[in-house]
Structures are given as structure tokens and as C-alpha cells.
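Both backbone and side-chain heavy atoms feed into the values below; hydrogens, waters and symmetry mates do not.
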Amino acid sequence: MKREKLLESLRLSPGRKVNLARDFDPAFTGTFEDKEAASGLLQEGIDSLSELQTRLYAEDRQALLIVIQAMDAAGKDGVIKHVMSGLNPQGTQVHSFRPPSEEDLGHDFLWRSACRLPERGHIGIFNRSYYEEVLVVRVHPELLEPQKLPPGRRDDAFWQRRFDAINQFERHLVNHGTRLVKLFLHVSRDVQKQRLLERIHEPDKHWKFSLADIRERDYWPQYTAAYEAMLQHTGTEWAPWYLVPADHKWFTRLAVARILIQQLTEMDPHYPRMSEAEQQMLAAAKAHLESD
Ligand code: ATP
Ligand code: MG
């Protein structure tokens, strides 16, 4: 499969109804056979990302926001670590979203994300995001209680209003110079189990183990339903979702690198052009230094 075709197959068409189990294979690896076959391409991808980021930073006109959502152990941390390894930390910010604080709960659900948006010239990465508000919160609606919301039923129309709010928020961002790349890392229940067991068996991975992950696993069907609704209702023309197969970590990383390169290439950042006056100033500075 051609590289571009591969990316197209991962981008969700806006409004498409999603059945994760039937239509999307978490073990998909395109035409790549294994990690070795993909490793050269991944390194190439990381180098291109670095060059594109330098231009984005120098241009200082647009921002890129990468939103990563997934079930536990789908590989969010690995994607951030590997794919971003070639980026300049000065122009990159990663923010990991935990349950909201007291201060967060005093505001609407988008507020804390708005405070963390990347500035122009920067790449922002949301490790989880405002999408938790239609995922974990939908699976555990008691989390709405401390949110001090206006009264009303917490029915489908309530969640639809949240989807609408998210779509409008994203539209606003896109209209004002921030491109969004939304990645859903799609892992299977079996592979999640293997990875959670590794966290128990391997001492070096103990620090990653959390009992909460095991508890949340019991809600797999409810999460799947929440993800499917989210993907259908918040996949838009201006901010589409990418469903990234996540059973093979090497493929996830390669696919994410390629998606980001494609997006940054479309953003087409340019080094700023110097004005006539600036060029004269540069020539004068050069003459001054040379005569020193
Ligand atoms: P890992 O994959 O390594 O476990 P993680 O992203 O799960 O990393 P944790 O600190 O384990 O990080 O978990 C963060 C927790 O915060 C998740 O359980 C997530 O559901 C929760 N969370 C994030 N945003 C919200 C929110 N708006 N409301 C409630 N819970 C949230
Ligand atoms: Mg966790």
C-alpha cells in the first residue's frame, strides 16, 4: 500500500458511524512485515519532523495541537517518547491530563485545556484531553456530580451538547491558526491484558502498574461504546480523527510519525522573509563584525 493510501485508511470520514470491533483491526500493519522493515522509515520520519518543526518555530504564525486518546496501555507514552525524540523541547509542550482539580471544577470542562494550548510556533501534545469528559465521565456519570453543572437530565442530548461544544471549540482553534491532529490509539483487549501483565511480571515496569487500570478494564464494553460515539460525533472536516492501530507498537509509532509529517507539510511553515530594511541591517552588522 502506498504511504499516502495508508494514511487515508487511518483517517476517519467525518460523521461516519463507527463499529470498532467490526471495521478496525488493532493489529493492522499495512504492508509492513515487522519492526525491522519499518525502522528505517521511522528514523527518516523523525528527521523530517525535526526539520518541519524548526520551520514552524521560526515562522511563529501557526500552532499544532496533537490530542492523544486511548485505553490504558495502548502506548501513548511510547508514542510521545519515540516520535517526539527528534523535536526541539523548546518548541514542544506535553500536558498529561489527570482528574480535574478543585480549581478546574470551578470552570466549564474546556477551561483547563484552553489554558494549556500551544502558542504560535509551538507543538502541543495532550496526553488525554477534554475528550475524557465524554469518555471516562460518560462511563462513570457520578464524576459529573462535583462539576456544579446546571440542572437537567444527563441523557443523550446532554452528551450531544458536549460533542457540539468540543466541535465549536476546535473550529475556533482551527480558524485562528491552530491545526489539530486527533489520534485514537486502538488497542485490543487481549494485547492490553498482555501489557498490563508485563507491568506485573517485569520489575522495571512495576512503576507503571496501577490497580485503577485493572478496574477500568472491566468497563471495556462501556468504554468502547463511549469511544464509538465520540469518534462519530467529533470527527469533523476541520479536525478529523485518526484511528491508529495499536497492537504493534512499532506500527503505531510509524503511523503517527507519518500523520504528523503529512499535517505539518500541509501547514507548510516558512522561514520568515527579511524585509529590505532588515537585510540592510544585516549587511551593516556583517560589515561591523568584519571590521572588528
Ligand atoms: P498510563 O497509560 O501510563 O497509565 P495514564 O494516561 O493512564 O497513563 P494516569 O495518571 O494513570 O495516566 O491516569 C490519568 C487518569 O486521569 C485516567 O484514569 C483518566 O481517565 C483520568 N482523567 C483525565 N481527565 C479526566 C477528567 N476530565 N475527568 C475524570 N478523570 C479524568
Ligand atoms: Mg493509567
Do the side-chain N and O atoms of Ser275 and Glu278 include a donor-acceptor pair separated by under 3.5 angstrom?
-> yes
Of all heavy-atom pairs between Gln192 and Ala73, which one has the smallest distance, and what is that distance?
-> CG-CB, 4.2 Å
Asp190 and Gln194: side chain donor to acceptor below 3.5 Å = no
Heavy-atom pair with the smallest gap, counting every atom of Leu135 and Tyr223 = C-CE2, 4.3 Å
Hey, which of Arg195, Arg217, Arg128, Arg215 is the one that makes salt bridge (charged side-chain N to carboxylate O under 4.0 Å, His left out) with Asp72?
-> Arg128
Donor-acceptor contact present, side-chain Glu170 to main-chain Trp238, <3.5 Å = no
Centroid separation Trp241 to Tyr131 less than 6.0 Å = yes
About how many Å separate NE2 of His233 and CH2 of Trp159, when rounded to the nearest 0.5 Å?
-> 13.0 Å
Closest heavy-atom pair and its distance - Leu180, Ala239 | CB-CB, 4.1 Å
Mind checking the OG1-CD spacing from Thr178 to Glu119? Nearest 0.5 Å is all I need.
-> 10.5 Å
Tightest non-hydrogen contact, residues His288 and Ser291, listed as O-OG, 2.9 Å
Do Arg112 and Glu103 pass the salt bridge (charged side-chain N to carboxylate O under 4.0 Å, His left out) test, and can you show the C-alpha distance, the side-chain angles, and the key distance before you say yes or no?
-> CA-CA 9 Å; Arg112 66 175 179 154; Glu103 188 186 19; over 6 Å; no
Sub-3.5 Å donor-acceptor pair from the side chain of Asp104 to the main-chain atoms of Ser101, do we have one?
-> yes
Glu142 atom CD, neighbour heavy-atom count above 12 within 6.0 Å = yes
Pair Asp213 + Lys208, salt bridge at N-O below 4.0 Å | no
Examine Leu254 and Val191 and state if one hydrophobic cluster contains both, with Ile, Leu, Val, Met, Phe, Trp and Tyr joined whenever side-chain heavy atoms are less than 4.5 Å apart.
-> no
Would a distance-only check, ignoring hydrogens and angles, find a side-chain to backbone donor-acceptor pair under 3.5 Å from His270 to Asp268?
-> yes
If you measure from CD1 on Ile80 to OG on Ser85, what distance do you get to the nearest 0.5 Å?
-> 12.5 Å
Is atom CZ of Arg189 surrounded by more than 12 heavy atoms (other residues, nucleotides or ligands) closer than 6.0 Å?
-> yes
Distance-only, no hydrogens or angles: does the Thr252 side chain make a donor-acceptor pair with backbone N or O of Pro245 under 3.5 Å?
-> yes
Distance-only, no hydrogens or angles: does the Gln69 side chain make a donor-acceptor pair with backbone N or O of Ser129 under 3.5 Å?
-> yes
Counting N and O atoms only, with roles assigned by atom type, does the side chain of Gln53 sit under 3.5 Å from a partner on the main chain of Asn88, one being a donor and the other an acceptor?
-> yes
Verify, without hydrogens or angle tests, whether Asp247 (side chain) and Ser188 (backbone) share a donor-acceptor contact under 3.5 angstrom.
-> yes
Rounded to the nearest 0.5 Å, the CD atom of Gln222 sits from the CD atom of Glu216 at a distance of 10.0 Å
Kindly say whether Ser50 contributes a backbone atom to a donor-acceptor pair with the side chain of Thr54 at under 3.5 angstrom?
-> yes
Say you draw a straight line from CZ of Phe126 to CD1 of Ile66; how long is it, rounded to the nearest 0.5 Å?
-> 11.0 Å
Has Arg161 got its NZ or CZ under 6.0 Å from the middle of the six-membered ring of Phe158, at an angle within 45 degrees of the ring axis?
-> no
Are the side chain of His82 and the backbone N or O of Arg253 linked by a donor-acceptor pair below 3.5 Å?
-> no
ILVMFWY cluster, Leu243 and Phe28 together (side-chain gap under 4.5 Å) = no
How far apart are the C-alpha atoms of Leu20 and His186, what are their side-chain angles, what is the distance that settles it, and do they pass the side chain to side chain contact (heavy atoms under 4.5 Å, CB included) test?
-> CA-CA 9 Å; Leu20 285 173; His186 181 212; 4.0 Å; yes
May I ask you to check whether over 12 heavy atoms, not counting those of Glu237, lie within 6.0 Å of atom CD?
-> no
Following the transitive rule for hydrophobic clusters with a side-chain heavy-atom cut-off under 4.5 Å over Ile, Leu, Val, Met, Phe, Trp and Tyr, establish whether Leu10 and Val18 coincide in one cluster.
-> no
Shortest non-hydrogen contact from Leu264 to Pro269?
-> O-CD, 3.4 Å
Crowded around His206 NE2? As in, over 12 foreign heavy atoms under 6.0 Å?
-> yes
Please check if any side-chain donor atom of Tyr242 sits under 3.5 Å from a side-chain acceptor atom of Gln263, or the reverse.
-> yes
Let me know which of Leu231, Thr234, Asp23 forms a side-chain contact (heavy atoms from CB on, under 4.5 Å) with Leu12.
-> Leu231
Taking the six-membered ring for Trp, are Tyr219 and His140 ring centroids under 6.0 Å apart?
-> yes
Do side-chain atoms of Tyr57 reach the backbone of Arg120 as a donor and acceptor pair under 3.5 angstrom?
-> no
Going through the checks in order, is the side chain to side chain donor-acceptor pair (under 3.5 Å) test met by Asp164 and Gln160?
-> CA-CA 6 Å; Asp164 293 344; Gln160 187 58 51; 3.0 Å; yes
Looking only at non-hydrogen atoms, find the nearest pair between Gln62 and Met267 and report the distance.
-> NE2-O, 3.1 Å
Quick one: pull up CG in Leu149 and CZ in Phe109 and give me the separation to the nearest 0.5 Å.
-> 9.5 Å
Verify the cluster assignment for Leu64 and Leu183: are they in a single hydrophobic cluster under the rule of side-chain heavy atoms below 4.5 Å apart?
-> yes
Check the angle between the aromatic planes of His172 and His176 and answer parallel, tilted or perpendicular using the 30° and 60° thresholds.
-> tilted
